[in-house]
Structure formats: structure tokens, C-alpha cells
**Student:** 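Please see the structure below; I have some questions.
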Amino acid sequence: MNIAELIAASRKIVIKIGSNTLAKPDGTVNTDFMDEFAAQCADLIAKSKQVVVVSSGAQVAGMSTLNRWTRKKDIHYRQALCAIGQVELMHQWRTSFFKQGLHIGQLLLTKEDFNDSYRTLNMRNTLFTLVDEGVIPVINENDSICVEEIRIGDNDNLSALTAELWAADLLILCSDIDGVYTANPKEEPDAELIQIVTDIHDLKNRISIGSANAFGTGGMATKLQAAEKVTGCGIPMILTNGGTPRILEKLAFGSAAATLFCV
Ligand code: GLU
């Protein structure tokens, strides 16, 4: 099955937006992107699809709101920035989705929530109720109550856990790279985009994973972890570049550069 067919066949779609996609090069939140993204989600919903959004960007939004602490790496400052930025982020998401006549609901989750069956059930019930009522859940890690040791730490893995919890048909990771390349395309111009991955273990042996980028937390390693998690449950995953204009539409037409992970 190719990407266009997969999207056509998927009803429940989790879409993760990375910090690099949400932030402009100057570090401020890209509200034009958010408006365009919300409009594309509205199109998917008009086609009877259900959408759950996992949004990073609290820390980036905190920095651009406050305009200080940029260089403070201390965990407490980063948590404080997330507490500030999460409000800003949700304000922007609410504004963008409201233009499409859609309401949003916020879920802030931690690793412990996913390890506890009672909390998992409650999370699942909330998710299903929001979606059934036509509200878009927007999920992030509850950064202010997690210290390093107990953090999920990256929204790639959080979105995979969410896809599993909601029994999604498809997970789409909108990153700042078109997909998985045979080598780092920023360093090696001959690097080729791998369009379909059916064996992640084999892929890891073939490519050099490299490190994380400026704003995002994960880098390629966490994207592969997310792919391993969801494909292990039979949920395919698409990795694509959220910065490509009208990316969800292009994916649906089969005209976007992307890597499809499936089993
Ligand atoms: N939860 C963090 C934030 O919103 C980001 C995690 C990630 O970038 O994956 O800033």
C-alpha cells in the first residue's frame, strides 16, 4: 500500500508536530503554519477522519514569550519555560482551530500515566470522548512535573504511545526532514531518501543516525523508536517534513517526500 492509499484507508490519525516545524528560524511560534495545519486537519475531518494532535513547542514558545533564559539549560528553567510556553502554544492552537470552527482540548501526559492501567483507562476515555464529540485533542508531555529521569523526553515516543493507546490507524510525524536518508543529507548531497521501511532493525544497520537538531529533542533515534513501537502494534507510521506547504494534503495525494514505516 502506498502513502496516498494508506491515508485514504485510515480513519484515526495521530499527527505529531515537532518544535522545529512550529518555530520560525528566529525562535518565535509560526502562527501561519498553525493556521494552515488546522485548515488541513479540518479537511481531513470533513472526509470523516478523526485527528489527534501531539504538539511540541512549549519550550520554544516559552522562550519567545519571555525573551530571556534562552541560554539556561538547567532543568528547572526548562520546566518553567514549558509552563509559560504551553499556555501560549495552546492559545495559538485554539485560535487556529477556531478559525475552522473546531474546538481543542488539552491533555498533558507523563510516562507514569502510561505505566498505570487506571490512568491509561482514564486517558483513553477522555481521548475517545473528545474525538467522538468532534473536539481535537492536543497532547504534550506534562513537562513541569517530570524531571529528567522520569521524562518520556521526546514527543516522538509520546505520539507513538498515544497512537497505541487510541488504537490509531496511522501515525504521522511532521519533522524538519523529509524522511530517513541513507546518510545525513545536510552533510552528504548523495544521500537518498528511503521511501519505505519494513525492517527497522536492518535500517539501523544501514544508516548513520546522528544527533538531535537545534530545537527538537529527539533526532532520528527517537523517530525510529516511535516507528518500532507503533509498527509492533500493526500501526504504520509516516515520517515527513512538516515545513512543506500543505503537507497533509500532499501526503493524501501521494506527492510528498516521506518515509513510510510498515510491517
Ligand atoms: N515537550 C517539549 C515541548 O513542548 C518537547 C518535546 C519534543 O520536542 O519532542 O517543548
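Counting starts at 1 for both ligands and their atoms, in listed order. The basis for the numbers below is simple: all heavy atoms, side chains too, and nothing from hydrogens, waters or symmetry mates. Heads up: numbering here begins at 1 and tracks the sequence.
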**Student:** Pick from Lys99, Gln100, Gln92: which one makes a side-chain hydrogen bond (donor to acceptor under 3.5 Å, both in side chains) with Asp35?
**Tutor:** Lys99

**Student:** What distance separates Asn140 CG from Lys16 NZ, expressed to the nearest 0.5 Å?
**Tutor:** 10.0 Å

**Student:** Between Asp143 and ligand 1, find which residue part has any heavy-atom pair under 4.0 Å and reply side chain, backbone, both or neither.
**Tutor:** side chain

**Student:** Ligand 1 and Asn140, any nitrogen or oxygen pair closer than 3.5 angstrom?
**Tutor:** yes

**Student:** Ligand 1 and Ala58, any nitrogen or oxygen pair closer than 3.5 angstrom?
**Tutor:** yes

**Student:** Please report whether ligand 1 has a polar contact with Gln59, defined as an N or O pair separated by less than 3.5 Å (distance criterion only).
**Tutor:** yes

**Student:** So if I count the atoms of ligand 1 from 1 in the order they appear, which ones are less than 4.0 Å from some heavy atom of Asp154?
**Tutor:** 9 (O)

**Student:** Apply salt bridge (charged side-chain N to carboxylate O under 4.0 Å, His left out) to the pair Asp156 and Lys223, showing each step before the final yes or no.
**Tutor:** CA-CA 6 Å; Asp156 298 325; Lys223 293 177 178 51; 3.1 Å; yes

**Student:** Is there a polar contact, in the sense of an N or O pair closer than 3.5 Å, between Asn155 and ligand 1?
**Tutor:** yes

**Student:** Sequence neighbours excluded and cut-off under 3.5 Å, please list the side-chain donor-acceptor pairs for residues 126-133, or say none.
**Tutor:**
| residue | atom | partner | partner atom | Å |
| --- | --- | --- | --- | --- |
| Thr126 | OG1 | Asn122 | O | 2.8 |
| Thr129 | OG1 | Asn125 | O | 2.6 |

**Student:** Under 4.0 Å from ligand 1, counting heavy atoms only, is it the side chain of Thr222, its backbone, both or neither?
**Tutor:** neither

**Student:** From the options Lys229, Arg151, Glu141, Lys111, select the one residue that forms a side-chain hydrogen bond (donor to acceptor under 3.5 Å, both in side chains) with Asn157.
**Tutor:** Lys229

**Student:** Heavy atoms only, cut-off 4.0 Å: how does Ser19 contact ligand 1, side chain, backbone, both, or neither?
**Tutor:** side chain

**Student:** Distance-only check: which donor-acceptor pairs under 3.5 Å involve side-chain atoms of residues 189-203, not counting sequence neighbours?
**Tutor:**
| residue | atom | partner | partner atom | Å |
| --- | --- | --- | --- | --- |
| Asp199 | OD1 | His201 | N | 3.2 |
| Asp199 | OD1 | Asp202 | N | 3.0 |
| Asp202 | OD2 | Arg206 | NE | 3.4 |

**Student:** I'd like to know if the side chain of Gln59 reaches the main chain of Arg78, judged simply by a donor and an acceptor atom lying under 3.5 Å from each other, with no hydrogens or angles considered.
**Tutor:** no

**Student:** State whether the shortest distance between N or O atoms of Gly153 and N or O atoms of ligand 1 falls below 3.5 angstrom.
**Tutor:** no

